[in-house]
Amino acid sequence: MPRTLLIVDDNPSVRESLRLLLERRGYTVLVAASGAEAIALAGQHRVDAGIIDVNMPGMNGLAVCRTLRTRAAEAGWNFPVWMITGARTPELERAARESGALEVLSKPFDYVELFHRFDAQLGVASVSTPVGGEMPPAPR
């Protein structure tokens, strides 16, 4: 069964890289450039997990995570979230966990490691590996 992931990042290259690679793995991917857009998308679609940038203009990723996790819990389903950032600190990791995130991943990230995390958390064993040449470089 395909899983739907929500990617939230104000950087278009990060959104597009993740979208392309995750779609090649068999995931359905929704993308949002802002916190408000992410919350609207999650209100219109059943989303199984989120990949949310910490630092975005307007509503930051921690607030987005908290809002989406609260709404999912109220609806009775689990909504795992991974936060991504180029500036990982112990304080940020603590704040991310307090907002409900599973963990904070540093940019640039290892896509293979990322796929294993998603697949394991979402129970996706039949998702194929990326095809079509080399993986694009990790976004910064």
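Side chains are part of it too, since the values below use all heavy atoms of this structure and drop only hydrogens, waters and symmetry mates. Everything numeric in this text was worked out from a predicted model, so none of it was measured.
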Rounded to the nearest 0.5 Å, the OG atom of Ser99 sits from the CG atom of Asn60 at a distance of 8.5 Å

Find out whether Gln44 and Leu30 are in side-chain contact, i.e. whether some heavy atom of one side chain is under 4.5 Å from a heavy atom of the other. no

Answer whether the closest heavy-atom distance between the side chains of Leu21 and Tyr27 falls below 4.5 Å. no

Do you know which two heavy atoms are closest between Asp10 and Pro57, and how far apart they sit? OD2-CD, 3.4 Å

Sub-3.5 Å donor-acceptor pair from the side chain of Ser17 to the main-chain atoms of Val14, do we have one? no

Side-chain contact, heavy-atom cut-off 4.5 Å: Leu122 with Leu5? yes

Pairwise distance CD1(Ile84) to CD(Glu103) - rounded to 0.5 angstrom: 12.0 Å

Considering only heavy atoms from C-beta outward, does the side chain of Trp82 approach that of Gln121 to under 4.5 Å? yes

Step by step, work out the salt bridge (Lys or Arg N to Asp or Glu O under 4.0 Å) result for Glu16 and Arg19. CA-CA 5 Å; Glu16 189 63 11; Arg19 184 189 66 76; 2.4 Å; yes

Let me see the working for Ile51 and Leu114 under side-chain contact (heavy atoms from CB on, under 4.5 Å), right down to the final yes or no. CA-CA 10 Å; Ile51 307 160; Leu114 201 64; 5.6 Å; no

Which pairs of donor and acceptor atoms, one on a side chain in residues 61-72, lie under 3.5 Å apart (sequence neighbours left out)?
{"unit_1": "Thr67", "atom_1": "OG1", "unit_2": "Ala63", "atom_2": "O", "d": "2.9"}
{"unit_1": "Arg69", "atom_1": "NE", "unit_2": "Gly100", "atom_2": "O", "d": "3.0"}
{"unit_1": "Arg69", "atom_1": "NH1", "unit_2": "Phe79", "atom_2": "O", "d": "2.8"}
{"unit_1": "Thr70", "atom_1": "OG1", "unit_2": "Arg66", "atom_2": "O", "d": "2.8"}

Could you go through the side-chain contact (heavy atoms from CB on, under 4.5 Å) check for Arg46 and Trp77 one step at a time? CA-CA 10 Å; Arg46 169 66 191 253; Trp77 79 81; 3.3 Å; yes

Could you tell me whether the side chain of Asp53 reaches within less than 4.5 Å of the side chain of Asn11, counting heavy atoms only? no

Partner residues of His116 under the side chain to side chain contact (heavy atoms under 4.5 Å, CB included) criterion, sequence neighbours left out: Val112

So how far is it from Tyr111 OH to Leu18 CG, rounded to the nearest 0.5 Å? 5.0 Å

Is any side-chain heavy atom of Ile39 less than 4.5 Å from a side-chain heavy atom of Met59? yes

Any heavy-atom pair between the side chains of Val29 and Ile7 that's under 4.5 Å? yes

Can you see which heavy atom on Ala33 is nearest to which on Arg15, and at what distance? CB-NH1, 3.4 Å

Results of side chain to side chain contact (heavy atoms under 4.5 Å, CB included) for Arg88 - residues two or more places apart only: Thr85, Glu93, Val104, Ser106

Out of curiosity, Asp9 CG to Lys107 NZ, how far, rounded to the nearest 0.5 Å? 4.0 Å

Could you check whether any side-chain heavy atom of His45 comes within less than 4.5 Å of a side-chain heavy atom of Thr28, counting everything from C-beta outward? no

